[in-house]
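Reviewing the structure listed below.
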Amino acid sequence: MSAEGSLIPNVVQNGLCAGCGLCEAVADPGVIQMRISSEGYLRPKQQAPLSASQARVLADACPGAHVGHAPARSGASAPAYHPLWGPLVGVRAGHSLDAEIRRQGSSGGGISAVAAWLLESGQVDFIAQIAVSRDDPLRNDLQVSTTRADILAAAGSRYAPSAPLAGLRQLLERGQRFAFVGKPCDVAALRRYGLHDPRVGELVVAMISFMCAGIPSLHGTHELLAKLGADRKQLKSFRYRGDGWPGMARAVQHDGQVFETDYNSSWGTVLNRHLQFRCKICPDGTGEFADIVCADAWYGKDGYPDFAERDGRSLILSRTAVGESLVTRAMAAGALAADTLPADDIARMQPYQVNRKQMVLGRVIATWLARRQAPRYRRLALLRNTLNARKVEWLRNAWGTFRRAKGESL
Ligand SMILES: Cc1cc2nc3c(=O)[nH]c(=O)nc-3n(C[C@H](O)[C@H](O)[C@H](O)COP(=O)(O)OP(=O)(O)OC[C@H]3O[C@@H](n4cnc5c(N)ncnc54)[C@H](O)[C@@H]3O)c2cc1C
């Protein structure tokens, strides 16, 4: 098979597929469909080869093949690049001023607040985002949101596979302005794809993301439901969190029974043990390619987040001039309240992401040593972060990845 023809099998077999769905949108209609694999992840099912030009676009934009910032253009003013946190224009903590959005949102409803304001002020025709499927309370589908009610329905994190870019072709064919909300890998892929398709620059008013610790397999959700004692065949609804901060994982059955557990147990003891391999070697847990990124602005205890139930608070990073303008205008319009923070405060709220960025180069090297492939990562300050890492932990992480990459089918 030619290098172009083998791109998708290579990405999938090496455990590098993030499950974003870009390949489905780039291929001719019907050639690729994103499906849940036997391991519980969204993976492309390919019926026919890609054309040479489609394969070239994917080799550049698929986040299983390549993630990186473009080289700085001489004379162009780029935002300051923080080695841990990427491009930073504004650093704030705050929340939606709409009490319902704040409560239903995952942290402070920052993403939903900006999305609802963009819609209601007529700056976009729709928001492309992930929401629970109408047919299955455990599945995530792309939703075209045109009302505040749609945005509220999509609020809250869904710790399960999502492929928002699978529908990108249809989104762009609408010819309307929209904001895109997705995982960091989705946004990295869309940003890069925009270099090949001018409609992205013309129609996508904002790319919004959240910090991401990785996508768990759907099997993680099944395990969580079993632990709760819920019957997944009887589910009426299921949410992972939100409705409070962090809020409870909550399963409601058709017979009225309700099962709940807190974030520490759901994410901390079940879901985070089911992450796909690509997420373990992800260099961009913080959404470096987005205009705006929200995350949990956790309060700390002994240097670590305490996850006690409180009124929601989002960390809000603007990474581009577009993002900064949207955040400040959303604040002026009364959609969002936020206070500026020093960039050094982010590490206290997101210690996991500090560790991740410091470990990733070791994990990538270990993957190569295990004779597996890894994506090409460019201009992400990985070497600089490695030099700041604790050496024993770095080696332990690399060794763990080596063993996993050597022993497992990814
Ligand atoms: C898999 C995953 C891992 C995460 N890891 C971290 C982390 O390490 N640190 C951290 O601070 N925060 C993490 N979060 C994000 C965090 O939970 C909040 O989403 C973030 O604080 C934004 O909160 P908000 O109140 O502004 O979002 P909301 O206003 O609730 O909006 C959330 C948005 O995220 C979208 N969304 C939800 N689930 C998915 C999904 N699976 N795929 C694509 N889009 C989705 C929704 O469509 C909605 O637009 C993670 C979220 C997910 C889904």
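Atoms within each ligand, like the ligands themselves, are counted from 1 in listed order.
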Applying a 4.0 Å heavy-atom criterion (strictly less than), which segment of [X] is in contact with ligand 1: side chain, backbone, both, or neither?
X: Gln104; result: neither
X: Val181; result: side chain
X: Ala160; result: backbone
X: Ser106; result: both
X: Gln143; result: neither
X: Met349; result: neither

Of the choices Cys294, Ala213, Gly19, Ala115, which has the non-hydrogen atom that lies closest to atom 5 (N) of ligand 1?
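Among Cys294, Ala213, Gly19, Ala115, the closest heavy atom to atom 5 (N) of ligand 1 belongs to Ala213.
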Heavy-atom proximity to atom 40 (C) of ligand 1 ranks first, among Ser162, Gly214, Ala163, for Ser162
Is it true that [X] and [Y] make a salt bridge, defined as a side-chain N closer than 4.0 Å to a carboxylate O?
X: Arg103; Y: Asp243; value: yes
X: Arg148; Y: Asp98; value: yes
X: Arg35; Y: Glu24; value: no
X: Arg191; Y: Asp291; value: yes

Would you say ligand 1 has an N or O under 3.5 Å from any N or O of [X]?
X: Pro164; value: no
X: Pro216; value: no
X: Asp296; value: yes
X: Gln350; value: yes
X: Gln129; value: yes
X: Phe210; value: no
X: Gly109; value: yes
X: Trp267; value: no

Could you tell me whether Lys233 atom NZ has more than 12 heavy atoms of other residues or ligands within 6.0 Å of it?
no
Say whether Arg356 and Gln350, considering side chains only, have a donor N or O and an acceptor N or O under 3.5 Å apart.
no
N/O donor-acceptor pair under 3.5 Å between [X] side chain and [Y] backbone:
X: Arg43; Y: Ser38; value: no
X: Gln353; Y: Cys212; value: yes
X: Ser133; Y: Asp135; value: yes
X: Gln143; Y: Asp150; value: yes

For [atom], what is the closest protein heavy atom, and at what distance to 0.1 Å?
atom: atom 19 (O) of ligand 1; result: Ser157 OG, 3.0 Å
atom: atom 37 (C) of ligand 1; result: Gly156 O, 3.3 Å
atom: atom 41 (N) of ligand 1; result: Arg158 O, 2.7 Å
atom: atom 48 (C) of ligand 1; result: Ala154 O, 3.6 Å
atom: atom 28 (P) of ligand 1; result: Ser112 OG, 3.5 Å
atom: atom 7 (C) of ligand 1; result: Met211 O, 3.6 Å
atom: atom 47 (O) of ligand 1; result: Ile130 O, 2.6 Å
atom: atom 24 (P) of ligand 1; result: Ser107 OG, 3.5 Å

Aromatic Phe289 / basic Arg192 pairing, under 6.0 angstrom, 45° off normal:
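Judged by the rule, Arg192 and Phe289 form no cation-pi pair.
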Step by step, work out the ring-ring contact (aromatic ring centres under 6.0 Å, His included) result for Trp267 and Tyr352.
CA-CA 13 Å; Trp267 172 259; Tyr352 178 81; 7.7 Å; no
[X]: heavy atom below 4.0 Å from ligand 1, yes or no?
X: Gln353; value: yes
X: Gly108; value: yes
X: Ala131; value: no

Between Arg278 and Gln276, does the side-chain hydrogen bond (donor to acceptor under 3.5 Å, both in side chains) criterion hold? Intermediate values first, please.
CA-CA 6 Å; Arg278 168 62 177 73; Gln276 57 187 1; over 6 Å; no
Tell me which one of Thr286, Leu341, Val293, Asp296 satisfies side chain to side chain contact (heavy atoms under 4.5 Å, CB included) with Leu315.
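Of the listed options, the one satisfying the test is Leu341.
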Stepwise, does the side-chain contact (heavy atoms from CB on, under 4.5 Å) test hold for Ile101 with Trp117?
CA-CA 11 Å; Ile101 290 183; Trp117 168 73; over 6 Å; no
